[in-house]
Structure formats: C-alpha cells, structure tokens
Engineer: 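One structure follows; several queries about it will come next.
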There are 2 protein chains.
Amino acid sequence: MENRWQALKPDETLSTPLYLQLSRKLADAINAGWWQADEALPSERTFSEELGISRVTARKAMDVLLEQGMIRRRQGSGTFITPRLEQPLSRLTGFTEQLRLRGFVPSSVWLERGVFPPSNEEVIKLGLSPTSMVARLKRQRLADGVVMAIEMSTMPVAYLPDPQSVGTSLYAHLDAAGHSVVRALQHIRAVNASGEIAQLAGIRPGEAMLLITRIGFNADNVAIELTDTYCRNDYYDFVAELKR
Amino acid sequence: MENRWQALKPDETLSTPLYLQLSRKLADAINAGWWQADEALPSERTFSEELGISRVTARKAMDVLLEQGMIRRRQGSGTFITPRLEQPLSRLTGFTEQLRLRGFVPSSVWLERGVFPPSNEEVIKLGLSPTSMVARLKRQRLADGVVMAIEMSTMPVAYLPDPQSVGTSLYAHLDAAGHSVVRALQHIRAVNASGEIAQLAGIRPGEAMLLITRIGFNADNVAIELTDTYCRNDYYDFVAELKR
DNA sequence: CACGTTAATACCACATTAATACCACGTCAA
DNA sequence: TTGACGTGGTATTAATGTGGTATTAACGTG
C-alpha cells in the first residue's frame with residue numbers, strides 16, 4: 001500500500017506542473033483498478049499529506065479527471081470513481097446514456113431509416129413470420145463529433161411503426177412508446193472491417209473492430225430488437241468489473 | 001459465545017466507520033452459520049451493550065444487511081435471518097472453467113514459464129518496486145486440441161514463487177496457495193494480430209482478435225495478476241446478459 | 001515590469017458518523 | 001383482557017471529516 005503513494009508522488013524537479021503529473025498518474029491508477037467502481041478515493045487531505053503537496057494541488061489534479069468524467073465529487077462525502085462505461089455485465093444502458101455519463105456529447109448521423117422485408121437471420125432471431133416487415137435504423141454514432149461506431153438496428157414494425165420519428169436515443173423512444181427493452185443478450189466479437197464499414201467509420205479496411213450483436217427483449221421476454229454495432233478499436237474499450 | 005462478541009467487536013482506531021466494520025463482520029458471521037435461518041438475531045440493544053457501541057450504530061450496521069436482503073426486521077418482535085437460496089453477482093471464472101462448462105476439453109501448451117524483471121507497465125499496474133521480480137507465464141490455450149487463444153500472465157514472484165509448478169488452471173493454483181483472485185478488472189478490445197501472435201494462434205497476420213486485459217486483485221485489494229489474452233475471433237465470442 | 005500559472009494557507013458549507021432520548025408495535029404472563 | 005416489558009422505529013444532536021472557495025506568495029514568460 002505504501003508503494004502506491006510512492007508511485008503517485010509527483011517529481012518536484014520536473015518542469016511539468018505537479019498537478020498535471022499527479023492527474024496522469026491518478027488516471028493510470030484508476031484505470032489499473034486500484035479502487036473499485038463507486039468507491040471513494042482517498043480524501044484530498046490524505047493525498048496532500050501522503051504526497052507532500054498542498055491540498056489544493058491534489059484537488060486541482062482531481063479537477064482534470066473530474067472534467068473527463070472519470071470521477072465524481074460529493075461535498076461533505078467524498079470523491080468517487082464514476083461507474084465505468086460498460087458494466088456490460090450488470091447494467092443495461094444505451095450508447096447515448098453511456099456517453100453522456102462520461103461528459104461527451106453524443107450525436108448520430110442517419111444513414112438509413114425505413115421499413116423493409118426481414119432477412120432470414122432476422123426472421124429467426126426475432127421470431128417473425130416471413131411476410132411481416134421490419135423497421136431498420138442505420139447510423140453513425142458520434143461522440144464530440146468523432147465517429148465512434150456504426151450501428152444497425154432492426155425491430156418488428158409493430159414496435160416501431162415510424163422509424164423516422166426516432167431521435168438520438170432509440171431506447172428513450174422505445175421507453176416512451178411503452179416497448180422498453182428490459183433484458184438483452186450481447187455477443188462481443190472481433191472482426192476485420194469490411195470496405196463499407198471502414199469507410200463509414202473513417203478507418204482503413206481490415207482494421208480490427210469490436211462487433212457487438214445485441215438481442216433485446218421486452219418485459220414479456222419477446223425479442224423486439226436486433227442491433228449490430230461496429231466499434232472503432234481505437235475508441236472503444238469495454239471494461240467490466242468482475243467479482244466472486 | 002464470549003468469543004463471538006469479541007470477533008464482532010469493531011476497532012475504534014481504524015478509519016473505517018464502526019457500523020461498516022460491524023456490518024461486514026456480521027455478514028461473515030451469518031454466512032458462517034452462527035444463527036439459523038429464520039432465527040432471531042440478538043437484539044439491537046444486546047449488540048450495543050456487548051460491543052460497547054451505541055444502539056443506533058448497531059442498528060445502522062444491520063441496515064446494510066437489510067438492504068442486501070440478508071436479514072429482515074419485525075417491529076416489536078426481532079430481527080431475523082432471511083433464508084437464502086440465491087447468489088446474484090456476476091461470476092468470475094477462468095478460461096478453464098468456461099470451456100469445461102461448454103463441454104470442451106481444455107489444455108495448454110507452455111511457451112514460457114519463468115522469473116523475469118518487470119516491465120514499466122507491470123511495475124505501475126502491479127504496484128511493484130522496480131527491483132522486484134515477476135513470474136511470467138505464456139501459453140497457448142487449446143480446446144479439444146485446437147488453439148483458441150494465446151495468454152500471457154504476470155504476477156509478483158511473492159505470489160507465484162515457482163511458475164513451473166502451475167498446472168492447467170492458474171486460478172486453481174492461486175486458490176490452493178491462499179492467494180485467490182477475488183475481483184478483476186477486464187478490458188476488452190479488438191486488435192489486429194501481430195506476426196508473432198498470429199503464428200502462435202495459427203491464423204494470418206492482421207486478422208482481428210479479441211484482446212482481453214485483466215488485472216486481478218486479492219482480498220486486500222492488491223493487484224496480484226496481470227493477464228493479456230489474445231483470442232481467435234473465429235472461436236471466441238463473449239456473451240453477456242444485461243438487465244436493468 | 002506586467003501578467004498568467006502554479007501552489008500554498010485559511011476558512012466555509014455540507015455529509016456522515018455515532019451518540020442520547022423518546023415513540024410505537026408485539027408478546028406474553030397475570 | 002390488559003399492562004409490563006422487550007422489540008424495532010425515529011428525531012435530535014455534537015463532533016468529525018469531506019469537498020468548496022477566496023486569497024496570497026512565488027515563479028516563469030512575454
């Protein structure tokens with residue numbers, strides 16, 4: 001435990017400001033999992049004493065991480081690690097909410113929005129009759145204006161009669177319509193980007209991407225959503241905290 | 001019975017709140033079967049007197065367990081242990097167990113097993129002093145004789161003094177040595193296979209692979225394990241069930 | 001010299017902790 | 001039936017520890 005303070009200690013002799021040195025080391029420490037999600041960090045005063053710096057300096061270092069959304073402060077209580085992007089194993093949240101949590105501005109560019117006949121795969125996975133129709137949404141997912149992922153969603157028209165009316169958050173739209181996704185099965189694989197996907201994502205063909213395939217179920221345990229998300233590997237990093 | 005009160009007694013000198021200390025010890029005691037299911041615990045006043053703390057503090061400790069559903073209160077009557085039949089949390093399982101569950105026969109081929117000086121990254125993530133040494137394990141992971149992944153684990157020698165003695169399951173070995181990994185932080189990314197990895201994995205260079213980086217912590221929240229696993233995308237498919 | 005950045009000190013506002021004292025409900029024996 | 005007693009429930013409080021902020025001194029840079 002003592003080693004940890006040693007590792008965080010900024011170097012007075014360097015020209016980079018103490019608070020910046022500390023903020024970087026602290027970010028590394030958090031990413032390395034030194035503290036659990038939702039757990040309080042040591043207090044600003046503790047940092048100050050252990051590292052031999054003033055409290056305000058410690059605080060300023062934490063300010064940086066605060067702006068990045070990595071930590072969260074509660075006056076009188078403490079400073080807490082923001083629950084990670086993911087928690088893919090325990091919590092179900094859409095892309096929009098996840099990014100907003102981190103302080104990014106999420107947006108989408110629609111590539112396709114309409115009603116089509118279903119593919120064979122969709123018929124099977126959604127349990128459709130072949131004659132029914134599906135609503136399809138295809139879009140670029142942006143964070144602060146940068147393309148992070150390409151997403152393709154499919155739903156039976158019954159649950160999304162008017163695809164054009166979906167705003168940024170599909171999940172919010174479904175909630176409002178009374179068709180909330182309550183449970184989802186998510187497969188994560190690695191794939192090489194095809195020419196089309198690569199172009200849309202702004203990367204070279206063949207680059208490795210995360211492909212997340214999700215089947216969403218409503219409260220009656222009926223599959224109502226099928227989504228493929230191609231995530232740029234340079235931006236996406238799924239983090240899960242496991243316990244036993 | 002006197003020993004029991006002693007074991008439950010919180011330590012005033014520690015910085016963790018009395019009620020939290022007590023709630024943890026109490027949870028352990030319940031799990032250890034000190035009282036039968038549906039049996040009344042000692043009253044809040046009894047706890048207060050025996051442990052030399054205020055009644056409200058004892059009560060607050062029990063509040064924690066109440067929220068976890070471990071106990072149940074009946075005003076005027078007493079506090080009772082909830083009969084348990086569940087086990088909610090996401091499970092932490094190693095590669096070996098996962099494959100066995102699916103009916104495959106897991107095996108490993110060792111590529112490297114020894115003691116080395118740590119890299120910079122390892123020093124930081126494991127909180128080492130630069131002069132200490134680490135044990136390194138590198139192996140091919142097979143299922144039914146087919147290479148599925150390349151895995152590289154690093155641990156401080158203190159926790160794995162003799163790398164040669166590890167069998168197929170690292171986690172089983174650690175459990176036996178009393179150094180169980182209790183919590184882990186797992187990063188999942190997509191990467192293009194390098195020449196070396198591709199050769200070891202039996203695929204073409206540049207193929208997309210899942211890279212799983214895991215930091216394992218022991219019960220004292222000290223990082224004791226660092227593992228990079230390169231998974232063949234044609235075999236590996238991460239599945240998560242999400243709920244909200 | 002003027003100015004912004006850096007880092008310190010000192011004080012303010014709020015939350016949590018853990019105590020005391022009193023209230024309300026159940027149990028059970030007279 | 002009833003009332004004494006033991007159970008959990010709650011309001012209040014003081015102390016401590018947390019983040020929030022204004023101010024100031026030192027330093028580097030234009």
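The figures here come from the full heavy-atom set of this structure, side chains too, leaving out hydrogens, waters and symmetry mates. Just so we're on the same page: letters track the sequence lines, and every chain starts at 1.
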Engineer: For the pair B/R45 and B/E49, evaluate salt bridge (charged side-chain N to carboxylate O under 4.0 Å, His left out) and give the outcome as yes or no after the intermediate values.
Structural biologist: CA-CA 6 Å; B/R45 283 174 180 81; B/E49 287 162 19; over 6 Å; no

Engineer: Okay, side chain of A/N218, backbone of A/H179: is any donor-acceptor separation there less than 3.5 Å?
Structural biologist: no

Engineer: For nucleotides 26-29 of chain D, give me every protein contact, N/O to N/O, under 3.5 Å, one pair per line with atom names.
Structural biologist:
none

Engineer: Please name all residues satisfying side chain to side chain contact (heavy atoms under 4.5 Å, CB included) with A/P17, sequence neighbours left out, ordered by chain then number.
Structural biologist: A/Y19, A/L20

Engineer: Give a yes or no on whether the backbone of A/T16 and the side-chain of A/Q21 come within a donor-acceptor separation of less than 3.5 Å.
Structural biologist: yes

Engineer: Write down the distance between CZ (B/R72) and C1' (D/dT7), rounded to a whole number of angstrom.
Structural biologist: 18 Å

Engineer: Test the B/R183-B/F217 pair against the cation-pi criterion, namely NZ or CZ under 6.0 angstrom from the six-membered ring centroid and within 45° of the ring axis.
Structural biologist: yes

Engineer: For A/R73, check salt bridge (Lys or Arg N to Asp or Glu O under 4.0 Å) against everything at least two apart and list the hits.
Structural biologist: A/E44, A/D63

Engineer: Please examine the side chains of B/I197 and B/M209, heavy atoms only from C-beta on, and report whether any two atoms are closer than 4.5 Å.
Structural biologist: yes

Engineer: Can you tell me which residue pairs pass the ring-ring contact (aromatic ring centres under 6.0 Å, His included) test with a partner in residues 52-78 of chain B, sequence neighbours excluded?
Structural biologist: none

Engineer: Is the phosphate of D/dG20 approached by A/R59 (side-chain N or O, under 4.0 Å from OP1 or OP2)?
Structural biologist: yes

Engineer: Taking atom types as modelled, find out whether A/Y159 and A/E225 have a side-chain donor-acceptor pair closer than 3.5 angstrom.
Structural biologist: no

Engineer: How would you give the extent of chain A contacts on DNA chain C, as first and last nucleotide 5' to 3' within a 4.0 Å heavy-atom cut-off?
Structural biologist: C/dT6 to C/dT16

Engineer: Measure CG/A/D63 against P/D/dG19 and give the value in whole Å, please.
Structural biologist: 12 Å

Engineer: I need the NZ-C1' distance between A/K60 and D/dA22, as an integer number of Å.
Structural biologist: 14 Å

Engineer: For A/F47, is the NZ or CZ atom of A/R55 found under 6.0 angstrom from the centre of its six-membered ring and inside 45 degrees of the ring axis?
Structural biologist: no

Engineer: Give me the distances for all protein-to-nucleotides 15-18 of chain D N/O pairs that come in under 3.5 Å?
Structural biologist:
unit_1 : atom_1 : unit_2 : atom_2 : d
D/dG17 : N2     : A/G76  : O      : 3.2
D/dT18 : O2     : A/G76  : N      : 3.3

Engineer: Rounded to the nearest angstrom, tell me the gap between atom CZ in A/R55 and atom P in D/dG20.
Structural biologist: 8 Å

Engineer: Would you please test A/E151 and A/R214 for salt bridge (charged side-chain N to carboxylate O under 4.0 Å, His left out) and show each step?
Structural biologist: CA-CA 11 Å; A/E151 189 178 280; A/R214 188 178 58 216; 5.4 Å; no

